[in-house]
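Contents: one structure, followed by commentary.
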Amino acid sequence: MSAPTLEPQADWNQLYIDGEWRDATGGETIPVENPAKQEVFTEVPAGTEADVDAAYEAAEAAQSDWAATPRAERNEIVQNLLDELNARFEEVAGLLATEAGTPGYRAMGEFATATGDVEMALELEPPEEEVRPSPSVDDKDNHIVYEPVGVVGVISPWNFPLHLSLRAVAPAIALGNTVVLKPATDTPITGGLLIAKLCEAAGVPDGVVNVVTGRGSEIGDRIANHPTPRVVSFTGSTSVGKGVAEQAGKNLALPALELGGNAPFIVTDDVDLERAARAGAFGSFFHQGQVCISINRHLVHESVYDEYVDLLVDHAESLVIGDPSENEDVTFGPVQNETQRDDLVEFIEGSLEDGATLETGGEADGLFVEPTVLSDCTNDMPTACNEHFGPVAPVIPFSDDDEAIELANDTEYGLSASVFCEDAERARDLADRVEAGMVHINDQPINEDHNAPFGGVKQSGLGRYHGEWITQELTEPKWISVQGEERDYFVFE
Ligand code: NAP
């Protein structure tokens, strides 16, 4: 097997189904843009429902052999995938910069998390087979075994394309399932076709991983409502995720949903403000704020409010803005697409109309939206009550801990949150009272560790990634009972 070609101008115009590169059945393609330049650099196939059907057919056909492959052999292949990925950091970083406006430091972070996804998958183990004597029938043993669920549909977003696709694909295949992956249309390469090339190079058997690029509006329903998958793993917005759950429910496939967030960042009156503001700036401006767990609202005690805002402004103005595909020193790139930019400008303008003060930023040029700090904000302003998903930091004052919690929880979302507070007991009390799946004390909320459950409450999702939590979603417990001596059925003489 020759080494895959991974540069942006490589041939990306075929789907990967059943171990073969195929044209989309409709013959149409979708242009892919570099967001910094707003220029098309390649085209990918516009997959159709017929392509989705073919991909599921291949995944279903491959599933029983893959599940029966001893775990050690499956792991050898997953390890090959990890080796293929590890050998290609430079090329992958180049693709992330071109396709997703990813600065170099963030590419390193995404690469480390993505390789961590595969490393974790190698370690995942369903519980060992257990035998329990029946409590109701004499001489019966109940064996509890865990089997792969079967075929898994994966739909991923554009903001961390490589990581968020591999976070589902790697555990699914390691645990004996097969996969059909549909990446986001803004990032079809790093979220999909790149992974297909790496799987091919790693010797992943035909049909075990299939990649169909195409518009969610055209093939998304078919990915979710096809009768084959038993789990549909979706990462993306809450509105689309609810539709996916409805479609998956038609065939009683389990919807595993990682959805939107609106993370509060609580700063109390006893903190080292320099430290809190540095963390706050990172949590708002990392990857231009396009992270489901980035800070959406800064909730700051009124006694330190002005000083905090000044520090945040200093950090926002120190970022190096530019095209990550041309300059390695850039720390702040473009947002992903025009919808993102237009929504952000609308949210900023709406907040200013409602009485917020513009401390810095606020302008957009092409797809570059300036790092923006807004003071005098309230929880009902557009930048605060919506998941703005961009480089905007609305700062809201509070007067005591109860008010901080009330503000923090006044959102439909419950993904991630942070509490900056010196007093450990008070910090823990605040963390316990925040309604979120993940709360970080004395850090900003952008964290992901493979040994901790990742996911949200309220409208932020269903289920959890990583470790035993994803293992449970991707395997089914099965009860096999073994009767010894003939039992007495009472009704017969
Ligand atoms: P999105 O618009 O919901 O899209 C996500 C994926 O769904 C894309 O692959 C998209 O395809 C596809 N899709 C679109 N319409 C569909 C349909 N009707 N049926 C099935 N799939 C469909 O989200 P996004 O804009 O890519 O990502 C941003 C959102 O993702 C934010 O809300 C963010 O918070 C959330 N997110 C959550 C997590 C988490 O772990 N909780 C992580 C990252 C992002 P197309 O690209 O072709 O439209």
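Numbers here are sequence positions counted from 1. What you see is a predicted model, and the numbers here were worked out from it, not measured in a lab. Order of listing sets the numbers, starting from 1, for every ligand and every atom in it.
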Task: Closest protein heavy atom (residue, atom, distance) for atom 35 (C) of ligand 1 - done: Gly236 O, 3.1 Å

Open item on the list: Give the atom numbers and elements of ligand 1 that come within less than 4.0 Å of a heavy atom of Thr235.
Closed with: 5 (C), 37 (C), 38 (C), 39 (C), 40 (O), 42 (C), 43 (C)

- [ ] Around atom 39 (C) of ligand 1, find the nearest protein heavy atom and jot down its residue, atom name and distance.
- [x] Cys292 SG, 3.3 Å

Open item on the list: What I'd like to find out is whether the side chain of Glu338 reaches to under 4.5 Å of the side chain of Leu367, using heavy atoms alone.
Closed with: yes

Open item on the list: Within the protein, is there a heavy atom lying under 4.0 Å from atom 3 (O) of ligand 1?
Closed with: yes

Open item on the list: Is there a polar contact between ligand 1 and Asp186, counting only N or O atoms under 3.5 Å apart?
Closed with: no

Task: Proximal candidate to atom 22 (C) of ligand 1 [heavy atom criterion; set Val240, Asn159, Thr185, Val232] - done: Val240

Open item on the list: Side chain, backbone, both or neither: which applies to Leu164 and ligand 1 if a contact is any heavy-atom pair less than 4.0 Å apart?
Closed with: side chain

Task: Phe160 and His287 aromatic centres sub-6.0 Å - done: yes

Task: His388-Phe347 aromatic ring centre distance below 6.0 Å - done: no

Task: Within-4.5 Å side-chain heavy-atom neighbours: Pro8 and Ile189 - done: no

- [ ] For atom 48 (O) of ligand 1, grab the closest protein heavy atom and report residue, atom and distance to one decimal in Å.
- [x] Gly216 N, 3.9 Å

Open item on the list: If the cut-off is 4.0 Å to any non-hydrogen atom of Ile155, which atoms of ligand 1 fall inside it?
Closed with: 6 (C), 7 (O), 9 (O), 12 (C), 20 (C), 21 (N)

Task: Electrostatic pair Lys37-Glu326, nearest N-O below 4.0 angstrom - done: yes

TODO: Mind checking the OG1-CD spacing from Thr185 to Glu33? Nearest 0.5 Å is all I need.
DONE: 12.5 Å

TODO: Please work out whether any backbone atom (N, CA, C, O) or any side-chain heavy atom from C-beta onward of Tyr465 is under 4.0 Å from ligand 1, and answer side chain, backbone, both or neither.
DONE: neither

TODO: Please determine if Ser237 has a nitrogen or oxygen closer than 3.5 Å to a nitrogen or oxygen of ligand 1.
DONE: yes

- [ ] May I ask you to test the Ile396-Leu407 pair for a side-chain heavy-atom distance under 4.5 Å?
- [x] yes

TODO: For atom 40 (O) of ligand 1, grab the closest protein heavy atom and report residue, atom and distance to one decimal in Å.
DONE: Arg167 NH2, 3.0 Å

TODO: Could you tell me whether ligand 1 has any atom less than 4.0 Å away from a heavy atom of Phe160?
DONE: no

TODO: Give the residue and atom name of whichever protein heavy atom lies nearest to atom 34 (O) of ligand 1, and the separation in Å to one decimal.
DONE: Glu387 OE2, 2.5 Å

Task: Nitrogen or oxygen of Ser460 less than 3.5 angstrom from that of ligand 1 - done: no

Task: Sub-4.0 Å heavy-atom contact, Gly214 with ligand 1 - done: yes

Task: Separation between CD1 of Ile223 and CG of Asp53, rounded to the nearest 0.5 Å - done: 9.5 Å

- [ ] Could you list the atoms of ligand 1 found under 4.0 angstrom from a heavy atom of Lys182?
- [x] 9 (O), 11 (O), 45 (P), 47 (O)

- [ ] Among all protein heavy atoms, pick out the one at the shortest distance from atom 7 (O) of ligand 1; state its residue, atom name and that distance to 0.1 Å.
- [x] Phe234 CE1, 3.2 Å

TODO: Supply the atom-to-atom distance Thr238 OG1 to Tyr413 OH, rounded to the nearest 0.5 angstrom.
DONE: 4.5 Å

TODO: Could you list which atoms of ligand 1 come closer than 4.0 Å to a heavy atom of Arg215?
DONE: 47 (O)

Task: CH2 on Trp21 to CG on Leu15, rounded to 0.5 Å - done: 8.5 Å

TODO: Return yes if a side-chain donor-acceptor contact under 3.5 Å exists between His450 and Asp117, otherwise no.
DONE: yes

- [ ] Start with the C-alpha distance between Glu448 and His163, add both sets of side-chain angles, then the distance that settles side chain to side chain donor-acceptor pair (under 3.5 Å), and finish with yes or no.
- [x] CA-CA 11 Å; Glu448 184 157 3; His163 158 49; 2.8 Å; yes

Task: Carboxylate-amine/guanidinium proximity below 4.0 Å for Arg106 and Glu110 - done: yes

Task: Protein heavy atom at shortest distance from atom 28 (C) of ligand 1 - done: Phe389 CE2, 3.6 Å

TODO: Answer yes or no: are there more than 12 heavy-atom neighbours, outside Glu125 itself, under 6.0 Å from its atom CD?
DONE: yes

Open item on the list: Geometry only, no angles: is Trp158 polar-contacting ligand 1 at N/O separations under 3.5 Å?
Closed with: yes

TODO: Anything under 30° is parallel, anything over 60° is perpendicular, the rest tilted; go ahead and classify Phe454 against His466.
DONE: perpendicular

- [ ] Just go through Ser156, Ala184, Pro183 and tell me whose heavy atom is the nearest to atom 6 (C) of ligand 1.
- [x] Ser156

Task: Sub-3.5 Å N/O-N/O distance, Leu415 and ligand 1 - done: no

TODO: Would you check the N or O atoms of Leu259, main chain and side chain alike, for any that come under 3.5 Å of an N or O of ligand 1?
DONE: yes

TODO: Starting from atom 20 (C) of ligand 1, locate the nearest protein heavy atom and write down its residue, its atom name and how far away it is, to 0.1 Å.
DONE: Gly220 CA, 3.3 Å

